[in-house]
Student: 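So that we are looking at the same thing, I have put the structure below in structure tokens.
Sequence lines set the chain letters: A, B, ... in the order given, protein chains first and strands last, and positions in each chain run from 1.
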2 protein chains.
Amino acid sequence: MSLDHAILGFLRYGPRTGYDLKKVFDVSVRHFWPAQQSQIYQSLTNLTDHGHIECEVIAQTDRPNRKLFHITNSGRDELQRWLVAPIAEKPVRAQFLIQIFFAGCLTDTEILHLLESKAKEVQRVIERFEHGEIPHPTHAKDLPPREQFFWYLTLDFGIDNAYQSLRWLKQAIARIRNKDYEQGIAGALAERKSS
Amino acid sequence: MSLDHAILGFLRYGPRTGYDLKKVFDVSVRHFWPAQQSQIYQSLTNLTDHGHIECEVIAQTDRPNRKLFHITNSGRDELQRWLVAPIAEKPVRAQFLIQIFFAGCLTDTEILHLLESKAKEVQRVIERFEHGEIPHPTHAKDLPPREQFFWYLTLDFGIDNAYQSLRWLKQAIARIRNKDYEQGIAGALAERKSS
DNA sequence: AAATTCATGTAATAAGTTACATGATTCC
DNA sequence: GGAATCATGTAACTTATTACATGAATTT
């Protein structure tokens, strides 16, 4: 499972508690693999059961004891195995494409409103990306350059992807304003030069 | 729920059985909202319970009776309401970005293999899109041009998105071959002109 | 005085996937 | 003879989300 392997990936850098993991998730992989605190705890239980991690309890008086998880050799092997194996992606699910698909029963005004609000949402995503908080420098700065490179490569993908969506949305808005739908299919497909 | 509303969307064109719906899903919205046969039957039960659809049983002797589902006024209202309301997208989950994120512990050869196999996968997706089987002409050809336009607009998004991924993958492959990772973060972020 | 941080979890629910179950007819 | 089509579902399982539960210490 992806979440389990992402946890193993972070534990490879050193032992962490469930709480630590949640924090680092939120400032690093959140844009392509968000995780709830509760889900992380469940995964940790699962990984322990499989022998991929081990728990070291650190007693505290004023708070619940900290449970520091360490990756085992079995966990390292499992991570390595998973990282090199091409995996079939879970199918994409885009709700707003369902809305567009059935937009035939909406007015131009309604569908434009939908597309414009979507464009604004994507714009906000781009701003957050470019604001430079993910991956958070605190967590990235001590890594060797090659590791940093891969962390930021995923950010680059996110930005690239968001710009593509935004460009497409703007073009769709223009086509609808231009009433290209009168041409049916021909109006919907953009001309694309070969990759 | 999105699946429920997609079903309502199709039932708006006329009554369908669960079996019919599965067939039309597979040649129309599959690339952004795939659905299992079993899931469609569950949704139909759910929609019936909510009064959004009604079931007309058509007796057959050699096979199970056909259950033709009709959309009700309540269902039409619900669809209309849902279609115009901007909805927060479910967060994207991309397993291969987790692999890239932790690719620091792989060799160049291993990571290149991963990216190249991903590129091939995307290439196959593009070929399938451009082969013109989704949305299947049989289902689209009788619709008015404006409806056809929106059906094909979703296809256009899929193609656009796939090309973006492919371009990005090729660039990432080139950067790794070029050992841009020696520059750390600076090597990972592409120059982007404003949208 | 209120919000945030630290630190742990469990339980319930929702959504989607996979496996199981049946069985005649028709096409290759 | 075997695969595909037609036609229905149920049950188990996995994954992720939301809600619930506790509670001291510190910051605003």
Side-chain angles (χ1 to χ4, degrees), chain A residues 1-7 15-27 29-50 53 55-69 87-95 98 136 138, chain B residues 1-7 15-27 29-30 32-50 53 55-69 82 87-95 98 136 138:
Chain A
M1 212 233 304
S2 301
L3 177 60
D4 289 14
H5 293 95
I7 290 175
R16 304 269 189 277
T17 66
Y19 190 82
D20 295 336
L21 285 165
K22 169 62 175 164
K23 278 195 301 177
V24 73
F25 260 76
D26 282 350
V27 293
V29 298
R30 192 185 55 188
H31 61 288
F32 55 86
W33 209 274
Q36 242 59 46
Q37 183 74 72
S38 63
Q39 211 189 340
I40 289 172
Y41 284 124
Q42 282 164 25
S43 264
L44 286 170
T45 304
N46 184 48
L47 284 164
T48 306
D49 291 349
H50 284 80
I53 59 175
C55 174
E56 171 195 1
V57 180
I58 298 187
Q60 297 193 128
T61 49
D62 53 338
R63 299 179 182 163
N65 291 339
R66 299 179 74 220
K67 297 173 77 174
L68 258 185
F69 291 93
I87 24 176
E89 211 62 49
K90 286 278 152 72
V92 186
R93 285 170 197 278
Q95 299 181 306
I98 302 183
H136 197 89
T138 316
Chain B
M1 215 236 303
S2 301
L3 178 60
D4 290 14
H5 293 95
I7 290 175
R16 304 268 188 278
T17 66
Y19 190 83
D20 294 337
L21 285 166
K22 171 60 174 161
K23 278 194 301 178
V24 75
F25 260 74
D26 283 349
V27 293
V29 298
R30 192 184 54 187
F32 54 88
W33 210 276
Q36 242 57 47
Q37 183 74 71
S38 63
Q39 212 188 339
I40 289 172
Y41 284 125
Q42 282 163 28
S43 263
L44 287 170
T45 305
N46 184 48
L47 284 164
T48 307
D49 291 347
H50 284 79
I53 60 175
C55 174
E56 172 196 1
V57 180
I58 298 186
Q60 297 192 128
T61 48
D62 53 340
R63 298 180 184 166
N65 291 338
R66 299 180 74 219
K67 296 173 77 173
L68 258 185
F69 290 93
W82 186 83
I87 23 175
E89 211 63 48
K90 285 278 152 74
V92 186
R93 285 172 198 276
Q95 299 181 305
I98 303 184
H136 197 88
T138 317

Student: Do A:Leu3 and A:Phe25 come close enough that some side-chain heavy atom pair is under 4.5 Å?
Tutor: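 Contact flag for A:Leu3/A:Phe25 side chains = yes.
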Student: Polar atom pairs between nucleotides 22-28 of chain D and protein, under 3.5 Å, N or O only, would you list them?
Tutor:
none

Student: Let me know the distance between CG of B:Leu44 and C1' of D:dA7, rounded to the nearest Å.
Tutor: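 Going from CG in B:Leu44 over to C1' in D:dA7 covers 13 Å.
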Student: Hey, what do you get for CE (B:Met1) to CD (A:Gln95), rounding to the nearest 0.5 Å?
Tutor: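 Result: 10.5 Å between the selected atoms.
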Student: How is B:Lys23 classified with respect to the nucleic acid when contacts are heavy atoms under 4.0 Å: base, sugar-phosphate, or nothing?
Tutor: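 Here B:Lys23 touches the backbone only, sparing every base.
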Student: Starting at CZ of B:Arg30 and ending at C1' of C:dG16, how long is that distance when rounded to a whole Å?
Tutor: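 One finds 17 Å between C1' of C:dG16 and CZ of B:Arg30, rounded.
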Student: Counting C-beta onward and ignoring hydrogens, is there a side-chain heavy-atom pair between B:Phe69 and B:Pro15 closer than 4.5 Å?
Tutor: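 Side-chain contact under 4.5 Å: no.
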Student: Please give, in whole Å, the distance from C:dT8 P to A:Gln60 CD?
Tutor: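 Distance, rounded to whole Å: 8 Å.
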Student: Donor-acceptor check, side chain of B:Gln37 to backbone of B:Lys23, threshold 3.5 angstrom: yes or no?
Tutor: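 Answer holds: no.
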Student: Answer yes when A:Asp20 and A:Arg66 have at least one side-chain N-carboxylate O distance shorter than 4.0 Å, and no when they do not.
Tutor: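 Yes, charged N to carboxylate O under 4.0 Å.
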Student: When you check the phosphate oxygens OP1 and OP2 of D:dA7, does a side-chain N or O of B:Lys22 lie under 4.0 Å from one of them?
Tutor: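 B:Lys22 to D:dA7 OP1/OP2: no side-chain N or O under 4.0 Å.
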Student: Is the closest side-chain heavy-atom distance between B:Asn65 and B:Ile58 below 4.5 Å?
Tutor: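 Side-chain contact under 4.5 Å: no.
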Student: Could you state the atom-to-atom distance from OH of B:Tyr41 to P of D:dA7 in whole Å?
Tutor: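 Going from B:Tyr41 (OH) to D:dA7 (P), I get 9 Å.
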Student: Kindly write out the residues that satisfy salt bridge (charged side-chain N to carboxylate O under 4.0 Å, His left out) with A:Glu56, not counting sequence neighbours, or none if the list is empty.
Tutor: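 Residues passing salt bridge (charged side-chain N to carboxylate O under 4.0 Å, His left out) with A:Glu56: none at all.
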Student: Measure from CG on B:Leu47 to P on C:dA14 and round the result to the nearest Å.
Tutor: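 It is 15 Å, rounded to the nearest whole Å.
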Student: Heavy-atom distance under 4.5 Å between the side chains of B:Trp82 and A:Ile98, does that happen here?
Tutor: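 Yes; the side chains approach each other to less than 4.5 Å.
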Student: Can you tabulate the close N/O pairs, meaning under 3.5 Å, that link protein atoms to atoms of nucleotides 14-20 of chain D?
Tutor:
unit_1 : atom_1 : unit_2  : atom_2 : d
D:dA16 : OP2    : A:Gln39 : NE2    : 2.8
D:dA16 : O5'    : A:Gln39 : NE2    : 3.2
D:dA16 : O3'    : B:Arg93 : NH2    : 3.1
D:dT17 : OP1    : B:Arg93 : NH2    : 2.8
D:dT17 : OP2    : A:Gln36 : OE1    : 3.1
D:dT17 : OP2    : B:Arg93 : NH2    : 3.2
D:dT18 : O4     : A:Ser38 : OG     : 2.8

Student: Can you check the B:Arg66 CZ to D:dA7 P distance for me, whole Å?
Tutor: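 Roughly 5 Å, once rounded to whole Å.
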Student: With no hydrogens and no angle check, just 3.5 Å: does a side-chain donor-acceptor pair link B:Asn46 and B:Ser43?
Tutor: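 No, no side-chain donor-acceptor pair sits under 3.5 Å.
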Student: Over how many whole Å does the gap from A:Asp26 atom CG to C:dT4 atom P extend?
Tutor: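 Interatomic distance, CG of A:Asp26 to P of C:dT4: 15 Å.
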Student: Can you tell me the distance, in whole Å, between the CD1 atom of B:Ile40 and the C1' atom of D:dA7?
Tutor: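 Taking CD1 of B:Ile40 and C1' of D:dA7, I get 13 Å after rounding.
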